[in-house]
Amino acid sequence: MSTITDRLFSAFSKGKFLLPKQVVVQGSIEAAIPGRIDGNVKGDVRTEGLLVIGPEGSVKGNVYATDLVTYGKIYGDIYITNKAVISNEAYVKGDVNAVVLEVKEGAVIEGAIRKNVSARHEPEILKPDTAAEAPAPEKAPPPPEEERANWF
């Protein structure tokens, strides 16, 4: 038991969080510090800094971070504002949005890949189309010569 306590204490003392492989989180994680996930998360994960998902780790939700290195599984969209590294052991079922993306040979990504500089933790909300609200300009009547050339 002291080894888990020692690992958690050392992780927190360095300004990082650690989710061991024996832990399952039912809900979202929001952290203002970098961290590592070796367990399972069923919800979104939001971190500042580097997020590492270990080979035993999995996330069933969206991932938002500055940097990402994943060896595990992610079932959701990924929004990274800097660099994402998808290792040869990783499996991603969702879209990857990152400024820089490194995909190792053997990695599996089932989704779209986008270079998205503005993926700052939230997808864009669609604004209503202002052109639909403005009345369409009236079309001027055609000159008399064009009317005679019309086949219909």
Side-chain angles (χ1 to χ4, degrees), residues 1-140:
M1 187 79 154
S2 65
T3 59
I4 293 174
T5 308
D6 293 340
R7 287 182 71 188
L8 287 171
F9 180 74
S10 66
F12 283 113
S13 66
K14 294 178 185 173
K16 299 178 183 177
F17 73 87
L18 172 66
L19 185 68
K21 67 180 179 177
Q22 299 87 352
V23 177
V24 176
V25 174
Q26 299 274 352
S28 298
I29 295 176
E30 292 190 29
I33 57 175
R36 180 180 175 102
I37 296 174
D38 288 319
N40 297 316
V41 178
K42 295 178 182 175
D44 293 349
V45 177
R46 297 174 186 268
T47 64
E48 295 295 325
L50 174 65
L51 176 64
V52 177
I53 299 176
E56 301 288 321
S58 74
V59 175
K60 291 183 179 174
N62 297 331
V63 174
Y64 305 88
T66 305
D67 295 293
L68 172 72
V69 177
T70 183
Y71 301 95
K73 297 177 177 146
I74 300 174
Y75 301 93
D77 294 338
I78 299 172
Y79 299 93
I80 306 301
T81 57
N82 192 25
K83 183 177 182 179
V85 177
I86 313 295
S87 78
N88 59 347
E89 303 169 11
Y91 174 80
V92 175
K93 185 168 183 147
D95 296 348
V96 179
N97 301 278
V99 176
V100 178
L101 177 62
E102 182 178 331
V103 181
K104 304 289 185 178
E105 185 177 350
V108 177
I109 299 175
E110 293 183 7
I113 296 173
R114 295 182 186 92
K115 181 177 182 178
N116 192 355
V117 179
S118 65
R120 188 64 184 142
H121 301 336
E122 289 298 329
E124 275 189 45
I125 298 173
L126 298 175
K127 296 180 181 177
D129 188 15
T130 55
E133 295 172 8
E138 291 186 28
K139 188 175 182 181

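Residue Leu68 forms a side chain to side chain contact (heavy atoms under 4.5 Å, CB included) with just one option from Asn82, Val85, Ile53, Leu50, and that option is Ile53.
Between Ile80 and Ala84, the shortest heavy-atom distance links the atoms CG1-CB, 4.0 Å. Closest approach of Gly15 and Pro34 over heavy atoms only: O-CD, 3.6 Å. Across Asn40 and Ser58, no two heavy atoms sit closer than the pair OD1-OG, 2.7 Å. When every heavy atom of Pro20 is checked against every heavy atom of Leu18, the shortest pair comes out as CD-O, 3.5 Å. Residues Thr66 and Glu48 approach most closely at OG1-OE1, 3.9 Å, considering heavy atoms. Between Ile86 and Ala107, the shortest heavy-atom contact is CG2-CB, 3.8 Å.
For the atom pair NZ (Lys16) and CD1 (Ile33), the distance works out to 10.0 Å, reported to the nearest 0.5 Å. For the atom pair OG1 of Thr81 and CG of Asp67, the computed distance is 7.0 Å after rounding to the nearest 0.5 Å. Rounding to the nearest 0.5 Å gives a distance of 5.5 Å between CG of Leu19 and CD1 of Ile29. Annotation: the span from Arg36 atom CZ to Leu51 atom CG amounts to 10.0 Å, rounded to 0.5 Å.
Listed for the Asn97 side chain is a donor-acceptor partner under 3.5 Å among the backbone atoms of Ile78. The backbone N or O of Glu56 sits nowhere less than 3.5 Å from a side-chain atom of Asp38 that would complete a donor-acceptor pair. Between the side chain of Asn62 and the backbone N or O of Asp77, at least one donor-acceptor pair lies under 3.5 Å.
Contact annotation: the side chain of Lys115 never approaches that of Leu101 to less than 4.5 Å [non-hydrogen atoms, C-beta and beyond]. For the pair Thr47 and Val63, the minimum side-chain heavy-atom distance is 4.5 Å or more. In this structure the side chain of Ile37 reaches within 4.5 angstrom of the side chain of Phe17, judged on heavy atoms. Side chains of Lys83 and Glu102 form a contact here, defined as non-hydrogen atoms less than 4.5 Å apart.
The side-chain contact (heavy atoms from CB on, under 4.5 Å) test applied to Glu89 returns Pro55, Tyr71, Ser87, not counting sequence neighbours.
Among pairs with a residue in residues 85-113, those fulfilling ring-ring contact (aromatic ring centres under 6.0 Å, His included) read Tyr75-Tyr91, at least two apart in sequence or across chains.
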